[in-house]
Engineer: 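Structure in structure tokens, see below.
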There are 2 protein chains.
Amino acid sequence: MKAKISDVAKIAGVSPTTVSRVLNNRGYISKETRENVYKAMKEINYFPNDIARSLFNKRTNLIGMIVPQTSNPFFGELAFHIESICASLNYKVLLCNSLNRIDKEKKYVEMLIRNQVDGVIAVTYNRGIFDSESQSLPVVAVDHYLSKDIPTVSSDNYSGGKQATELLISKGCKHIVHINGPLKLETPANLRRKAYENVMKKDRKQPITYEISNTFDRNIQRETISKVFEEHPEVDGIFASDDLLAALVVAEAQKRGKNIPRDLKIVGYDGTEASQTLLPGLTTVQQPIESIAQTAIDILLKEIEGEFSNIPREICLPVKLLEGQTT
Amino acid sequence: MKAKISDVAKIAGVSPTTVSRVLNNRGYISKETRENVYKAMKEINYFPNDIARSLFNKRTNLIGMIVPQTSNPFFGELAFHIESICASLNYKVLLCNSLNRIDKEKKYVEMLIRNQVDGVIAVTYNRGIFDSESQSLPVVAVDHYLSKDIPTVSSDNYSGGKQATELLISKGCKHIVHINGPLKLETPANLRRKAYENVMKKDRKQPITYEISNTFDRNIQRETISKVFEEHPEVDGIFASDDLLAALVVAEAQKRGKNIPRDLKIVGYDGTEASQTLLPGLTTVQQPIESIAQTAIDILLKEIEGEFSNIPREICLPVKLLEGQTT
DNA sequence: CTGAAAGCGCTTACAG
DNA sequence: CTGAAAGCGCTTACAG
């Protein structure tokens, strides 16, 4: 049997109330009593039951974190930073991999509510996940706008798309193609694409965009990329909306005997540690993942503390163009 | 205020007991009552408080998962599979990033105990994390042996190291160097190294191993790799104990104008989706990450259910050599 | 400085 | 088929 507070009390010769007070450093307690209680706790290896505490306090110090998939380095890195920062603030993180599927997201939200999380950080591209049932639940959206009631933290996707496209143009590319994820999901990729289109038009170039219908199936991605080369043999620049996609482009280009960057220039997006290590030559737009995590947590904690007043609606953090050998 | 069971009871015109029975599908309940209760729950948007349930049931359906760092694709992928499988089994996952630091690991274990997790899956290379206080806590160790009481799931690191080394030899390498992570941590890398040494000796070659003192500092890793080339200009084969390290080797070799695989052949380890996408040409030993996750969960659930009898002590899953263009 | 009592939201014997 | 009571492990007014 696990030790409980009454066991400690018995051994220390005090009441459970007193033990609780020692535990919580509340009220006056004689030094002697305090020491006795500590000794008793040591003796029977007592650890407070945080479940019971939470029930009383109506505060769990639990945060729900919904991401598409931690195996994607961007989300893996984001999850790492979010959890690390939370841990340092004495918050615990319940991990949820949604695969961007709305049914899973809804189930996760319900699960988080049932578990009385204090708040949720969600990287989700489906609207309406946080509807009726979760009105009073503090939520921060990362990477995409969810609703006017939910603060959003993202990086400057438009600027990133703009910088990427302008770089390709400045390097002399004439036929630039953009490849992005599923548009039906309102991902940040849409803003990157928008920027690409605007820059292209401004430069009197024809925007050509391809859409990957499924973010999680490499073969579909490969097929789409292959189609780009088939349908646009003249392509000399590709802006891919994430680094994994860019890596697939690199592979396909090499397979087709193209010299990078001479025949084809490539820019990715995200600039995670993993992609910068595994494919260090890739030119990419780097997102400030740690800042995103920190900012999201700052805002969420404010919401949790009930500081509705000075919570910013939308925070957009700067990105950084990393020039490698693919441009 | 959040709705509670007594609110539902009042609206449905029954006692809390009855609502609870409907919720848990226990005992006989007239169809009419059941429907009234459901209607009431809908009406006030009631969700059971799992914290309160857990307190009574002494069962949280919570699993603690300790990994070094989800930003490393291997652990990000493992975390993804573990959480996904857990979710399908109605378990929730508390994420812990330990950075392999024993102080953090100990804190996390205490936190998990306080939160009454039903069990822990730990990828940890420091012994003695699960000591006295956690005797009765179900634990599964992944990727490394922790103690004789704790079941271990890993992949066949020795075979992987053997296959990697033999491949390099069979491709004609004469001077093969092995680079691995910190040896003071009893990581699986040690077995890979052991296999390398044995194969080398059997082939009457001199094993040469380098140790990376810090897994999380790319610069230290780069320096060590640089030293390999300085001290062993004759090197024509390198077996790196993970793919990220292998990628750094590739980069350094290219910087030094070496042609891969002509002048230098490289084998990595892990074969994650991310590394296979970002660096698809890398020859590597692929770990069966999803199977590792599944097996660890199977065993943990058995421990949780108290089936001590047929729990295997150690499970070792097969690895797969993936030949790319670096050998 | 310390303790008995009530209650956090739920569930389960027990009784009817 | 349904309800009143007790209890999961804790904390906090309240009283002394």
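Chain A is the first sequence line, chain B the second, and so forth, proteins listed ahead of strands; every chain is numbered from 1.
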Engineer: Quick one: list whatever passes salt bridge (charged side-chain N to carboxylate O under 4.0 Å, His left out) with A:Glu273, sequence neighbours left out.
Structural biologist: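 Here the qualifying residues are B:Arg218.
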Engineer: Could you state the atom-to-atom distance from CG of A:Asn25 to P of D:dC10 in whole Å?
Structural biologist: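 Answer to the nearest Å: 17 Å.
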Engineer: Could you walk me through whether B:Glu110 and B:Lys106 pass the salt bridge (charged side-chain N to carboxylate O under 4.0 Å, His left out) test, one step at a time?
Structural biologist: CA-CA 6 Å; B:Glu110 185 182 323; B:Lys106 286 190 165 165; over 6 Å; no
Engineer: Between P on D:dT12 and CG on A:Leu23, what's the gap in Å once rounded to a whole number?
Structural biologist: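 In whole Å, D:dT12 P and A:Leu23 CG are 11 Å from each other.
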Engineer: Just the rounded figure in Å: distance from P of D:dT12 to CZ of A:Arg59.
Structural biologist: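 So the CZ-P distance, A:Arg59 to D:dT12, works out to 13 Å.
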Engineer: Just checking, is any N or O donor in the side chain of B:Thr33 or B:Ser30 under 3.5 Å from an acceptor N or O on the other one?
Structural biologist: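 A donor-acceptor contact under 3.5 Å links the two side chains.
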Engineer: Could you tell me whether the side chains of A:Asn115 and B:Lys92 share a donor-acceptor contact shorter than 3.5 Å?
Structural biologist: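 Yes - a donor-acceptor pair under 3.5 Å links their side chains.
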Engineer: I'd like to know if the side chain of B:Tyr125 pairs up with that of B:Asp143 as donor and acceptor (distance under 3.5 Å, no hydrogens or angles considered).
Structural biologist: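 Their side chains do contain a donor-acceptor pair, which is all the 3.5 Å distance test asks for.
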Engineer: Which nucleotides of nucleotides 3-8 of chain C have their base under 4.0 Å from a protein heavy atom (B), which only their sugar-phosphate (S), and which neither (-), written as one string 5' to 3'?
Structural biologist: BBB-BB
Engineer: Any residue in residues 30-38 of chain B with a heavy atom nearer than 4.0 angstrom to DNA chain D? Just list them by number, or reply none.
Structural biologist: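 Per residue number, the list reads B:Ser30, B:Thr33.
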Engineer: Between A:Glu83 and B:Asn97, do the side chains contain a donor N or O and an acceptor N or O under 3.5 Å apart?
Structural biologist: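 Result is yes, a qualifying pair exists.
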Engineer: Rounded off to whole Å, could you give me the CG-to-C1' distance for the A:Asn49 and C:dC10 pair?
Structural biologist: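 One finds 14 Å between C1' of C:dC10 and CG of A:Asn49, rounded.
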Engineer: What's the CD1-C1' distance between A:Ile51 and C:dG9, to the nearest Å?
Structural biologist: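 Rounding to the nearest Å, CD1 of A:Ile51 and C1' of C:dG9 are 13 Å apart.
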Engineer: Let's test your reading of the pairing rules: Watson-Crick or G-U wobble, both distances under 3.5 Å, then write DNA chain C as a dot-bracket string with ( ), [ ], | and dots.
Structural biologist: |||.||||||||.|||
Engineer: Any side-chain donor-acceptor pair under 3.5 Å between B:Thr124 and B:Glu105?
Structural biologist: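 Note: B:Thr124 and B:Glu105 side chains meet the donor-acceptor criterion.
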Engineer: Whole Å only: how far is the CZ atom of B:Arg26 from the C1' atom of D:dC1?
Structural biologist: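 Nearest whole value for this atom pair: 16 Å.
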Engineer: Kindly write out the residues that satisfy salt bridge (charged side-chain N to carboxylate O under 4.0 Å, His left out) with B:Arg101, not counting sequence neighbours, or none if the list is empty.
Structural biologist: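 So B:Arg101 forms a salt bridge (charged side-chain N to carboxylate O under 4.0 Å, His left out) with B:Asp103.
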Engineer: Just N and O in the side chain of A:Arg53: are any of them under 4.0 Å from OP1 or OP2 of D:dG9?
Structural biologist: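 No, outside the criterion.
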Engineer: Counting just side-chain N and O atoms, does B:Asn24 come under 4.0 Å of either OP1 or OP2 of C:dT11?
Structural biologist: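 True: B:Asn24 side-chain N/O within range (under 4.0 Å) of C:dT11 OP1/OP2.
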Engineer: Any luck finding a side-chain donor-acceptor pair between A:Thr60 and A:Gln116 under 3.5 Å?
Structural biologist: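 Their side chains do not contain a donor-acceptor pair, so the 3.5 Å distance test is not met.
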Engineer: Salt bridge (Lys or Arg N to Asp or Glu O under 4.0 Å): which pairs involve residues 32-52 of chain B, sequence neighbours left out?
Structural biologist: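 For residues 32-52 of chain B: B:Asp50-B:Arg53.
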Engineer: Heavy atoms only: give me the nearest B:Met111-B:Cys96 pair and the separation to one decimal.
Structural biologist: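 Between these two residues, the closest heavy atoms are CE-SG, 4.0 Å.
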